[in-house]
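Below: the structure, in structure tokens.
So that the names make sense, note that chain A is the first sequence line, chain B the second, and so on, each numbered from 1. Predicted model, so just to flag it, every value in this text is computed and none were measured.
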Amino acid sequence: MSGTAAIEAVDVSRTYHLDGVSVPALRGVTLTVSAGDYVALIGPSGSGKSTLMHLLGGLDRPTGGRLVIGGRAVSELSPPELARLRNETIGFVFQAFHLLPRTSAVDNVALPLVYRGVNARQRRERAAAMLGRVGLGHRLDHRPNQLSGGEQQRVAIARALVTDPTVLLADEPTGNLDSTTGAAVLELLEQLNAESGVALVMVTHDAEVAARARRRIAMRDGVVVADSDADSAASPITGSAGAGGGS
Amino acid sequence: MRLAEAWRVASDALRANRMRSLLTMLGVIIGVASVVLLVAIGTGTKQTVEQQVEGLGSNLLLVVPGRLDVGSAPAVSPLTLQDVEVVGRVVGDPGRVAVTVASGATVRAGTRQDFTTVQGVLETTPTVFAREVARGRYLSRSDVDTGRRVAILGDSVARILFPDREAVGQQVNVAGVRFRVIGVFAPLGQSLGVDRDDEVHIPVTAAQRLYGTQRVDAIAVKAPDRERIDELGQRIVAELNGRHPGTEFSAVTQEQILGVLGDILGILTGVLAAIAGISLLVGGVGVSNIMLVSVRERTREIGLRKAVGARPRDIGVQFLLEAVLLTAIGGLVGMALGVGGALLVAAVSPIPAAVTWWSLALAFGVSAAVGIIFGVVPAQRAGRLDPVVALRAE
């Protein structure tokens, strides 16, 4: 399990201000993602798990509490510094893949390296190698619309990992895939987690998917209601892996 | 590398929306083409007018009542032939002094007629203005002294009145008075759509009788000495001011006329360029508009790029480049069309057009600047997009 902390959140809150109304999406979340961990983030819609994902990935900033990603306090970073932190530390996998259209698989995978300032030749080499690791070494120059859903998500996973991040944040990565393809993608993620030591944090609705994670964090109404790590330390209810379980 | 990526993405985006890119460019194309074309016409006109003034002959001094300035009203001339004699004494050579009293009049020959400018002049005109007679002769001293009813026709007038026979020796009727044609001028051709051969010269004395006046409109002097032309002008003006209290005279040199005309035509060219510039501005608004659309369309792409590490600046530069690329390509096409249009105008119409390098550089620079100015707002908007919101966009 543990090791050093890749991400550390202490009493983190996030409140949205919409038309003068304050909407608290997160209300004091404390958790640590360790290097190499495998975490499932579960909870009903509106429980705050997506907000938490965005915060953990440095896409958003907390309105309260302390959030440290890769040893750096998010609140102290400027927008360009935060962008660089995302580039170096985090890999994102989205439910809807978010691949660039009209752009080959290898160029899609190489995209994060563009913003790291890697030259074109090295970009292609590293992207091609990464595509090989996700089993798409023969599809380098295919465009997203020439690939199946499962293949597109593999390209997205390769893109997330091409920068050697410490944390891979996956938001419903199998949500748009059929069960067979989804299972294969999940296996790939688990395999990469095991092989490369990248921490995997996955938001999911699927109880079966969540059950495979080493650690489960359940959320409801903007707070963590169950954390299998913390629970196992405090009270032994580790088995409840269902969505919204533990409340 | 980031710039190269931004370039690639920008050109890719323009290619992906060919029709839209083309229509947006059209605004810039029209703007730049009109700047180039109108400035070319303005410049060409200026050059032609300047050549014409220079073609009047060198060391020329024009003496006119009133002040020669942009915006000053022309005064009625109090000058008479006595003044011309006085000027001749000041110059020291009456042969270097010419006059004109001009009016529009109908000239008839048989059943044919032509409305033209009839100028009353001295026999000195060919010397002072470097005019040439192609056939027959010009006026003589005695023609002027006796007010003889003789005329020299411009080439066009001769062709209109005597299409199938020699004009010299024929009779013409000028405003009801018969004149004998004694010469025909060598043709000068057209300039700015004006026929410079559409005139008739008669002795100034005959013209004064014809028009019922003692006055002459203006006196022209061919200065014997270029160095002292200004001093000569001052002496003439002083003499004339003494003879006609209440009227202020001006003696202007060719350089001064060129200066004044240059000012007028320069202003004209500037106004034309400014009008064309407005259409370029409108083109810029179109670019701004389409860039906002582009940013909106690609919101998710912006979100993703930010998620994988693009800084706000990276995104901004990408969209700014797209806008600049639009206007720069539009600018190049517009320049080509403007130059083509100018050549066409010069070839098929009497309007002269001269394309200048500075107008090309200006038009291109302005179109690129338009891209930057009108691209900045959309680009900033793109750069500042919240990645979380952007990723959720439809």
Side-chain angles (χ1 to χ4, degrees), chain A residues 14 16 18 25 50-55 57-61 77-104 107-123 156 158-163 165 169 171, chain B residues 1-21 293-322 325-326 376 379-394:
Chain A
R14 177 69 169 93
Y16 292 105
L18 301 166
S50 285
T51 303
L52 181 58
M53 274 286 277
H54 294 142
L55 288 173
L59 281 175
D60 196 7
R61 294 164 189 269
L77 299 178
S78 68
E81 285 170 335
L82 197 55
R84 187 169 169 182
L85 182 66
R86 285 196 295 271
N87 182 267
E88 290 175 347
T89 317
I90 309 290
F92 290 97
V93 175
F94 304 96
Q95 182 175 358
F97 320 143
H98 282 314
L99 297 179
L100 299 184
R102 303 186 308 276
T103 306
S104 68
D107 283 340
N108 261 293
V109 173
L111 189 65
L113 299 177
V114 168
Y115 297 110
R116 192 177 271 200
V118 176
N119 72 42
R121 199 176 50 79
Q122 282 189 31
R123 284 207 300 267
R159 178 182 63 196
L161 292 176
V162 76
T163 54
L169 296 174
D171 192 352
Chain B
M1 262 147 288
R2 293 174 185 213
L3 202 65
E5 168 75 2
W7 180 264
R8 196 189 63 74
V9 171
S11 54
D12 194 55
L14 297 188
R15 265 199 299 276
N17 298 292
R18 273 200 192 85
M19 195 59 183
R20 191 171 80 186
S21 306
V293 172
S294 184
V295 169
R296 173 154 294 191
E297 273 180 358
R298 285 152 66 194
T299 302
R300 272 166 52 141
E301 177 189 326
I302 294 166
L304 174 85
R305 286 179 182 273
K306 288 200 154 187
V308 302
R311 297 168 303 178
R313 239 189 86 176
D314 296 322
I315 301 295
V317 166
Q318 174 190 326
F319 280 93
L320 196 57
L321 252 173
E322 188 176 326
L325 208 57
L326 264 177
V376 156
Q380 275 184 345
R381 183 172 287 194
R384 286 179 190 156
L385 271 179
D386 179 344
V388 173
V389 176
L391 279 167
R392 277 206 208 104
E394 284 311 307

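Within a 6.0 Å radius of CZ in A:Arg61, other residues, nucleotides and ligands contribute more than 12 heavy atoms. Counted within 6.0 Å of CZ on B:Arg8, heavy atoms from surrounding residues, nucleotides or ligands total more than 12; the atom is thus considered enclosed. In this structure, B:Arg313 places its CZ atom where only 12 or fewer heavy-atom neighbours from other residues, nucleotides or ligands lie under 6.0 Å away. Applying the 6.0 Å contact sphere to CZ of B:Arg384 captures no more than 12 heavy atoms from other residues, nucleotides or ligands.
A:His98 places a side-chain heavy atom less than 4.5 Å from the side chain of B:Arg300. The side-chain heavy atoms of B:Leu391 and A:Leu59, taken from C-beta on, include a pair separated by under 4.5 Å. In this structure the side chain of B:Arg305 reaches within 4.5 angstrom of the side chain of A:Leu100, judged on heavy atoms.
Counting all heavy atoms, side chain and backbone alike, B:Ala307 lies closest to A:Phe92 at O-CE1, 3.5 Å. Across all their heavy atoms, B:Val308 and A:Asn87 have their closest contact at O-ND2, 2.7 Å. The shortest non-hydrogen separation linking A:Pro79 to B:Pro312 is CB-CG, 4.0 Å. In terms of heavy-atom proximity, A:Arg86 sits nearest to B:Ala310 at NH2-O, 4.1 Å.
The CG atom of B:Asp386 sits 6.0 Å away from atom CG of A:Asp60, with the distance rounded to the nearest 0.5 Å. Between the CZ atom of A:Phe94 and the CZ atom of B:Arg392 there is a distance of 11.5 Å, given to the nearest 0.5 Å.
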Stepwise side chain to side chain contact (heavy atoms under 4.5 Å, CB included) test for A:Leu111 and B:Leu304: CA-CA 10 Å; A:Leu111 189 65; B:Leu304 174 85; 3.9 Å; yes
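With a 4.5 angstrom heavy-atom cutoff, A:Arg159 touches chain B only via side-chain atoms.
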